[in-house]
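Here is the structure we will look at.
Sequence positions, counted from 1, serve as the residue numbers for this chain.
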Amino acid sequence: DGSWIGANFDGFGFEAALARAGLRLEGRRVLLAGCGGAGRPIAERIVAAGAAALTIIDLDPARAAAFAERLRPLAAGCMVTVGQADRASHEILVNATPLGMRPDDVPPFSPALVQASGAVVDIVVSDQPSRLERDARRFGKKFVSGIAMVEGQAELLRAFLLGRAERETDLTDGTFAAPSPGSGR
């Protein structure tokens with residue numbers, strides 16, 4: 001109708017970054033640290049993509065619990081819980097907190113938890129590797145960086161601005177395919 005609406009591309013950029021890294025969310029057990037401005041849309045994409053389980057941890061447990069309550073109706077088939085992580089139960093760890101913006105920040109996940117996981121995603125964008133990234137690489141885990149998420153967001157935003165994706169469903173129903181790296185699209 002000619003009016004403007006706003007959109008948050010964090011969740012879509014996150015999902016595009018995982019796809020480019022060869023990671024699927026479908027059927028996976030995911031641990032998400034942080035449910036703020038970026039964590040919430042990321043959580044929504046995790047459940048929409050068919051994850052088996054999502055555990056949310058946050059410095060504010062009440063905020064995490066309230067968000068999980070609002071998320072559950074959207075999470076058909078995905079068990080959404082709040083609380084501490086069981087060391088062996090998460091395949092993908094996602095840092096959606098500011099921890100890691102400085103190289104000496106304490107990571108949101110212990111080295112033991114990183115070692116027990118299959119992959120680590122850190123949405124923090126920094127010019128130096130965080131301790132979380134260093135732990136993931138030390139244990140040979142697949143690692144997806146915040147830069148990869150930003151690149152995914154940029155691809156999707158470009159498609160939206162150029163008219164190839166006019167609405168959110170164009171990004172999620174297979175209508176739009178993010179270009180592969182170096183494709184020039």
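Residue pairs that meet the salt bridge (charged side-chain N to carboxylate O under 4.0 Å, His left out) test with at least one member in residues 140-152, sequence neighbours left out, are R20-E151. Residue pairs meeting the salt bridge (charged side-chain N to carboxylate O under 4.0 Å, His left out) criterion with at least one partner in residues 105-129, sequence neighbours excluded, are R102-D105.
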*Stepwise side-chain contact (heavy atoms from CB on, under 4.5 Å) test for V94 and F14*: CA-CA 10 Å; V94 181; F14 165 81; 3.9 Å; yes
*I would like to know whether V114 and L132 meet side-chain contact (heavy atoms from CB on, under 4.5 Å); could you show each step before the answer?*
CA-CA 8 Å; V114 172; L132 180 59; 3.7 Å; yes
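Remark: R28 engages R24, V30, E91, I92 in a side chain to side chain contact (heavy atoms under 4.5 Å, CB included) (not counting sequence neighbours).
A donor-acceptor contact shorter than 3.5 Å is absent between the side chain of R131 and the backbone of P107. Remark: side-chain polar atoms of R40 are not paired, donor with acceptor, to backbone N or O of F67 under 3.5 angstrom.
Rounded to the nearest 0.5 angstrom, L23 CG and F143 CZ are separated by 12.0 Å. Here CD of E44 is found 12.0 Å from CD of E15. Values are rounded to the nearest 0.5 Å. Distance check, rounded to the nearest 0.5 Å: CD of Q115 to CZ of R138 gives 8.0 Å. Rounded to the nearest 0.5 Å, atoms OG (S110) and CG (D135) are 8.5 Å apart. One finds the OG1 atom of T81 at 7.5 Å from the CD1 atom of I56 (value rounded to the nearest 0.5 Å). Taking CG from L31 and CG from N95, the interatomic distance works out to 10.0 Å, rounded to the nearest 0.5 Å.
Linking ILVMFWY residues whenever their side-chain heavy atoms come closer than 4.5 Å, directly or via other members, places L32 and V121 in the same cluster. Transitive grouping of hydrophobic side chains (ILVMFWY, heavy atoms separated by less than 4.5 Å) brings L54 and L18 into a common cluster. V124 and V120 fall into different hydrophobic clusters, where Ile, Leu, Val, Met, Phe, Trp and Tyr residues are linked whenever their side-chain heavy atoms come under 4.5 Å apart, directly or through other members. If you chain together hydrophobic residues whose side chains sit under 4.5 Å apart, L71 and I123 fall into the same group. M149 and I46 fall within the same hydrophobic cluster, defined by Ile, Leu, Val, Met, Phe, Trp and Tyr side-chain heavy atoms under 4.5 Å apart, directly or through other members.
Nearest heavy-atom pair, A52 versus G27, reported as atom, atom and distance to 0.1 Å: CB-O, 3.6 Å. Taking each heavy atom of P61 and L59 in turn, the nearest pair found is CD-O, 3.2 Å. Considering all non-hydrogen atoms of both residues, D10 and I42 come closest at O-CG1, 4.1 Å. Across G36 and P41, no two heavy atoms sit closer than the pair O-CD, 4.4 Å. The two residues A64 and V82 have their closest heavy-atom pair at O-CG2, 3.6 Å. In this structure, A68 and V80 approach most closely via the heavy-atom pair CB-CG1, 3.8 Å.
Here the side chains of S145 and E133 are not in contact, with every heavy-atom distance at 4.5 Å or above. The closest side-chain heavy-atom distance from F139 to P111 is below 4.5 Å.
Residue-environment remark: CG (L74) exceeds the threshold of 12 foreign heavy atoms within 6.0 Å.
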